[in-house]
Every structure is written in structure tokens, then in C-alpha cells.
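A short worksheet on the structure shown next.
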2 protein chains.
Amino acid sequence: MTQERTGAGAAFAPHDHQRCQADALQVAEQRLAAKKARLTPVRRRTLELLLESHRAMGAYEVLERLAAEGYGSQPPVAYRALEFLVQHGLAHRLQRLNAFAACLHPECEHAPAFLICRVCSKLAEVPAGYLQDELGELSQDNGFTIERLTVEAVGLCAGCAKAGAA
Amino acid sequence: MTQERTGAGAAFAPHDHQRCQADALQVAEQRLAAKKARLTPVRRRTLELLLESHRAMGAYEVLERLAAEGYGSQPPVAYRALEFLVQHGLAHRLQRLNAFAACLHPECEHAPAFLICRVCSKLAEVPAGYLQDELGELSQDNGFTIERLTVEAVGLCAGCAKAGAA
DNA sequence: TAATCAATGTAATAAAATAACAAGTCAACC
DNA sequence: GGTTGACTTGTTATTTTATTACATTGATTA
Ligand SMILES: [Zn+2]
Ligand SMILES: [Zn+2]
Ligand SMILES: [Zn+2]
Ligand SMILES: [Zn+2]
């Protein structure tokens, strides 16, 4: 259980991604075992696919990969595995992209905000608990109770900015 | 140009919606005239439809209405009008709903956050400039530059909470 | 007027998501 | 071991959302 709690740029910056993946998988196994939820082969493989890179994958992209490996070839196969992962906090849905990404902080509590690079498509997950709190207060004043919050920022990562992408 | 700059709950609370609509339309006309952009009949009618209520409308819902009134009946008709309104800051796209809503603060600068009631589907648009700033700083530290920010909160409005909706 | 560009319209298709149902797997219980 | 019942996987079919490509109309301007 390595503690490489780095900043938002972690995903964009070069890092030991092997470990990144391995850690996430291990945490997933533990968390699911604790909840008595089953990390079946399709589900596990789906999580592995999402963990391959710090990018979001569309459901059909996931499906294609799964089908090629002998799993079912119809949309529900992918959608169900993805939904399972989301339900258990192991993946997130990116509303702006119609896509899914592995959660990079599965151990801590969840109020994620995403930084999405419009050039390289990589994304970083940054803690947004305080954002939720602040917006929550403001809403509370108006009688609105926040249950779930989506925060997605599209922009340019350091690497792509340097590479001179417009 | 009435100044009823009320809080986030404005949309949820009872108010003079006639004026709400009229003001928004007037602002739209002025802003577009200033930019030499044309508020053609379809576009104008689309904006009126969005302004009917403080709810988001799907593109096909808009299309159905437009078609019934003699406008084109194919998807691009609605999508183009909606995109035009979004481009000019007169409407917003709700990512979580695959839908569009009229902008309620078309006069001020834009970094909107939305509060969406999961029961009555009404939505409020609250200023989120400070959220953008805060997240922007955090991202900047990691070399990421935010260009566009989506903030959408799903929850329960005061009315629906009182009405005892689970 | 002719050329040009924006706006509208249609048909066709793509992309994303869900509904409905059949069959298989697995653990708990008898 | 066999049976029940919940969960999981699979398929077919359909729905919902969005875009591409192209023809036509309408305004603008040289
Ligand atoms: Zn990594
Ligand atoms: Zn990038
Ligand atoms: Zn109103
Ligand atoms: Zn409500």
C-alpha cells in the first residue's frame, strides 16, 4: 500500500504506472471482499482495461476489448461491468465524455473533480470535497440539498501546453 | 431591465415567471444585436421553449415542438438552434441530463453551476465563478489550465423535500 | 445581377444506452 | 448430494441521443 499521494498532476506526469495499476487492483479486491461483492472475471478485466491508461474509455471501446477476449459481445456486458465498478466506487463516469475511468483514489472518501486534457485526453482526479462543501452551503441557504456532484474541467495539461498545442 | 438578482433558489421559488421570460428574451435580443448574430425565427422560438419552465429540455423534445409548429422535423434543426444559443451564452447544456436549459443570467459573465432537483426536475443556475477560481488555482499548481468547467449537482429542492419525497 | 455566405431543410447513419428475456453459476440450506 | 433462490452472464431487439452529407433557400454584397 504505497503512499504516493501526489497532486492533481500525478496522472499527467511520468510515474510508475505499473504500481499505479497494481495498487488500484489490490485496493479494489480488498474493498469488494469487505463488502462481500464479487469481482468476477469480466468485472476484473474491465477494471484492468480502465487502468491501462489515465484516459477514459467509452462503453463500446471496453466492449470491443472484452468481446475480443471471449466475453460477451453485446452492450449490456460492458455497461453492467462498468456500472458495477461505479457503484462500488472503483470507477467514475465522465459525463462530458460519455465514458468511464478507473478511480485513482479508491481508498478515500469520494467527491471527485476531474481535469480533462482536450488534447491528449488524459485525465486527473483531484479531491473536491471542499468544493462540495462550499457549494453545499450555498445551496443549503436556498433549501437545496446536494446528493451528488459532478465537476469536470476541460483544458490543457502541462505537457500538451508545452508541446505548443493550440 | 429589472434587477431581481435573487439567490440560487430563485428558480425553485414562486416568482413572476412572465417577467423572467420576457427579460431573458430581451437580453438575448440585445446581446445578439450587439454581436451582429441573427435571432432567426427557429432560434427565437427555441429559446422561448426553453424559457417556458425552469427545466431542461432534451433536443428531441424541442424538435417535436418545433416540428409541430411547422419548422423542420429532423434532428439537426433542433441541435443547430440549441447549439447557436449555447454558443452565444443564451442557453446551457446539462451534461448529466443530455438536455438544454435557457440561461437565467445572460447578462453577467459565465461560470454557471447547476442545482438539479431529481424529483421535480427543475433547476437553478448559481454563480460559480469563485469555484472556477479555486479549482483553477489548484489545477494551475499542477500545470493544468482550465478552459471550461462543468458543475452539476443533483439533489432535492426545498419544495420537494417538504413534500416528503424520499 | 451575379457571386457569396449563412441558414434551413431532408435523408441517412452513427453512437450511446436500455429493455426484455433465457441460461448458467454459485452459495446456503435441507 | 440435491434443491432453492439470488446473482451473474449472455443474447436479441429497441430506444435515445447525436452527427454526417447534401440540397435548397434566403440574405448580403461586389
Ligand atoms: Zn498511473
Ligand atoms: Zn494533455
Ligand atoms: Zn422564472
Ligand atoms: Zn424539486
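Below, chain A is the first sequence line, B the second, and so on; all start at residue 1.
- Distance alone, capped at 3.5 Å, places no donor-acceptor pair between the A/R93 side chain and the A/V86 backbone.
- Judged purely by atom type and a 3.5 angstrom limit, A/E152 uses its side chain to pair as donor or acceptor with the backbone of A/R96.
- Distance CZ (A/F84) to C1' (D/dT9): 14 Å, rounded to an integer number of Å.
- No side-chain heavy atom of B/R31 sits under 4.5 Å from any side-chain heavy atom of B/H88.
- The distance between atom CD of B/E83 and atom C1' of D/dT17, rounded to the nearest whole Å, is 15 Å.
- Put simply, CD on A/Q95 is 14 Å from P on D/dT17, counting in whole angstrom units.
- Between B/H17 and B/H15, the angle of the ring planes goes over 60°, which puts this pair in the perpendicular group of the 30/60° scheme.
- Remark: A/R44 engages A/E29, A/E48 in a side-chain hydrogen bond (donor to acceptor under 3.5 Å, both in side chains) (not counting sequence neighbours).
- Protein atom CG of A/L63 is 14 Å distant from nucleotide atom P of C/dA15, rounded to whole Å.
- We find the SG-CD1 distance between A/C157 and A/I116 to be 12.5 Å, quoted to the nearest 0.5 Å.
- Atom P of nucleotide D/dT17 and atom CE of B/M57 are separated by 12 Å, given to the nearest angstrom.
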Any protein N or O atoms within reach of nucleotides 8-11 of chain C? Criterion: under 3.5 Å, listing atom names and distances.
from: C/dT8; atom 1: OP1; to: B/T40; atom 2: OG1; distance (Å): 2.5
from: C/dG9; atom 1: N7; to: B/R80; atom 2: NH2; distance (Å): 2.3
from: C/dG9; atom 1: O6; to: B/R80; atom 2: NH1; distance (Å): 3.2
from: C/dG9; atom 1: O6; to: B/R80; atom 2: NH2; distance (Å): 3.4
from: C/dT10; atom 1: OP2; to: B/S73; atom 2: N; distance (Å): 2.8

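- Regarding A/R96, its CZ atom lies at a distance of 17 Å from the C1' atom of C/dA16, rounded to whole Å.
- A sub-4.0 Å separation between OP1 or OP2 of C/dA16 and a side-chain N or O of A/Y60 is absent.
- Phosphate contact (OP1/OP2 of D/dA18, side-chain N/O of B/N98, threshold under 4.0 Å): present.
- Rounded to an integer number of Å, the gap from B/F100 CZ to D/dT17 P is 11 Å.
- In this structure, CZ of A/R38 is placed 14 Å from C1' of C/dA28, rounded to the nearest angstrom.
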